[in-house]
Amino acid sequence: MNLRKTLLTLALTAAMPAAFAAEITVSAAASLSDVFKEIAAQYEKQYPDAKIKLNTAASGALLQQAAKGAPVDVLAFADQKTMDMAVEQNLIVPATRKNFARNTLVVVAPGDSKLTVKGLKDLQQSSVKRIAVGNPDSVPAGRYAKAALEKAGVWASITPKIINTQNVRQALDYVARGEVEAGFVYNTDAQIQNDKVKVLWTVPLDKPATYPIAVAKDSKQQAEAKRFADYILSTKGQAVLQKYGFTKP
């Protein structure tokens with residue numbers, strides 16, 4: 001009997017790490033795909049009890065997923081408007097909302113492009129036939145691009161040239177493959193494919209492109225979710241973000 005109890009105890013003990021390991025889902029903007037993948041790996045190495053499941057897409061798509069009840073523990077968006085909507089829909093814990101990074105919007109062209117465009121108004125030239133832009137309704141980069149083009153007074157005239165994309169990475173891919181003459185992406189995205197695309201200029205924005213992060217209200221792993229969000233804001237997390245071209249908020 002004692003031997004049986006001992007074996008049972010050992011079996012339960014062996015099962016405990018799996019039973020108590022905290023697995024969380026982190027929904028992050030598409031432009032964070034590479035940097036969050038590295039941060040998650042670094043985080044899991046530091047905290048072996050944790051498991052990070054990354055879910056990346058356009059910020060608007062991630063918001064819709066959360067609103068429809070998709071399981072999520074941490075939300076990281078590419079703009080403030082999307083997080084404001086998350087607050088309005090009671091999807092996050094407001095006290096956990098923090099800005100963790102800043103980015104810049106740029107216009108890129110294929111690496112072998114001979115375009116001589118130097119500003120937003122030059123996109124009206126006949127040599128520019130197609131322009132990749134994230135859908136402004138769901139993609140923050142597209143929303144920033146539309147606002148800048150409207151301010152420059154050229155949005156209406158170039159609308160026929162615009163190819164709407166599901167997220168900023170898709171816009172980058174179109175440019176990298178030479179399927180469009182130009183595209184609006186973040187500077188960090190351009191750096192990832194700097195062998196296939198080149199930055200033409202930085203787009204002036206009325207407000208900086210800052211990234212907020214927050215713990216999801218319905219997370220069943222609140223403590224772990226907060227620990228990960230705090231890690232993004234820590235010296236280690238910020239170092240990886242800066243490595244990928246993001247700057248402090």
Side-chain angles (χ1 to χ4, degrees), residues 25-37 53-92 97 99-108 120 123 130-151 154-156 158-177 179-180 182-190 192-193 203 205-218 246:
T25 297
V26 177
S27 287
S31 53
L32 295 168
S33 299
D34 298 87
V35 65
F36 264 38
K37 184 176 180 180
K53 180 182 178 183
L54 284 178
N55 171 40
T56 57
S59 294
L62 296 175
L63 178 69
Q64 289 182 3
Q65 290 172 13
K68 292 177 180 178
V72 60
D73 301 284
V74 178
L75 291 164
F77 297 136
D79 69 338
Q80 300 299 326
K81 182 176 180 178
T82 307
M83 191 62 83
D84 289 342
M85 289 190 283
V87 172
E88 292 169 4
Q89 296 177 51
N90 197 30
L91 297 175
I92 68 164
R97 178 178 179 172
N99 293 334
F100 67 92
R102 180 180 292 193
N103 216 335
T104 53
L105 188 71
V106 297
V107 172
V108 293
L120 295 175
L123 293 174
R130 297 172 299 276
I131 306 167
V133 180
N135 186 338
D137 292 334
S138 58
V139 184
R143 197 148 46 230
Y144 288 130
K146 181 181 179 180
L149 290 164
E150 285 180 334
K151 186 174 181 180
V154 298
W155 172 255
I158 70 168
T159 295
K161 302 181 179 186
I162 291 177
I163 306 298
N164 280 322
T165 65
Q166 294 181 349
N167 55 62
V168 71
R169 287 298 176 85
Q170 188 176 46
L172 178 69
D173 288 342
Y174 282 175
V175 178
R177 293 196 298 264
E179 296 176 7
V180 296
F184 286 78
V185 302
Y186 292 117
N187 184 53
T188 53
D189 298 310
I192 290 171
Q193 296 230 39
V203 180
L205 301 177
D206 288 336
K207 294 182 180 179
T210 52
Y211 288 60
I213 192 169
V215 173
K217 178 178 174 290
D218 291 337
F246 291 90

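For clarity, every value in this text was computed on a predicted model and none was experimentally measured. Positions are given from 1, in the same order as the sequence printed here.
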Problem - Verdict with supporting geometry, D189 and S31, side-chain hydrogen bond (donor to acceptor under 3.5 Å, both in side chains) - result: CA-CA 6 Å; D189 298 310; S31 53; 5.1 Å; no

Exercise for the section: Could you give me the CA-CA distance, side-chain angles and deciding distance for D206 and K151, then say whether side chain to side chain contact (heavy atoms under 4.5 Å, CB included) is met? Expected result: CA-CA 10 Å; D206 288 336; K151 186 174 181 180; 2.7 Å; yes

Practice task
Check the pair L149 / K146 against side chain to side chain contact (heavy atoms under 4.5 Å, CB included), numbers first and verdict last.
Solution key: CA-CA 5 Å; L149 290 164; K146 181 181 179 180; 5.7 Å; no

Exercise for the section: Might you confirm whether atom CD of Q80 has over 12 heavy atoms from other residues, nucleotides or ligands at distances under 6.0 Å? Expected result: yes

Exercise for the section: For K161, look at atom NZ and say whether over 12 heavy atoms of other residues, nucleotides or ligands are found less than 6.0 Å away. Expected result: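 Atom NZ in K161 is crowded, with more than 12 foreign heavy atoms closer than 6.0 Å.
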
So, taking the atom named [atom1] in [X] and the one named [atom2] in [Y], what distance separates them when rounded to the nearest 0.5 Å?
X    : Y    : atom1 : atom2 : value
L63  : L75  : CG    : CG    : 8.0 Å
I162 : F184 : CD1   : CZ    : 7.5 Å
Y144 : K81  : OH    : NZ    : 10.5 Å
T25  : N55  : OG1   : CG    : 7.5 Å

Problem - Side-chain donor-acceptor pair present, R169, Q193, cut-off under 3.5 Å - result: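 Their side chains do not contain a donor-acceptor pair, so the 3.5 Å distance test is not met.
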
Practice task
Establish, from distance only, whether the side-chain atoms of R143 and S59 form a donor-acceptor pair under 3.5 Å.
Solution key: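 Not at all, the side chains of R143 and S59 share no donor-acceptor pair under 3.5 Å.
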
Practice task
Describe, in one word, how the ring planes of F100 and F36 are oriented to each other, choosing from parallel (under 30°), tilted (30 to 60°) and perpendicular (over 60°).
Solution key: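 Ring orientation of F100 relative to F36: tilted.
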
Problem - Test ring-ring contact (aromatic ring centres under 6.0 Å, His included) applied to F77 - qualifying residues, sequence neighbours left out - result: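 By the ring-ring contact (aromatic ring centres under 6.0 Å, His included) rule, F77 matches no residue at all.
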
Contacts table for residues 130-142: side-chain donor-acceptor under 3.5 angstrom, sequence neighbours left out:
| residue | atom | partner | partner atom | Å |
| --- | --- | --- | --- | --- |
| R130 | NE | E179 | O | 2.7 |
| R130 | NH2 | E181 | OE2 | 3.1 |
| N135 | OD1 | D137 | N | 2.9 |

Practice task
Under the side chain to side chain contact (heavy atoms under 4.5 Å, CB included) rule, what do R102 and T210 come out as? Steps first, then yes or no, please.
Solution key: CA-CA 4 Å; R102 180 180 292 193; T210 52; 4.0 Å; yes

Handout entry: N-O pairing of D79 and K207 below 4.0 Å
Key = no

Problem - Any donor-acceptor pair under 3.5 Å from T188 side chain to F246 backbone - result: no

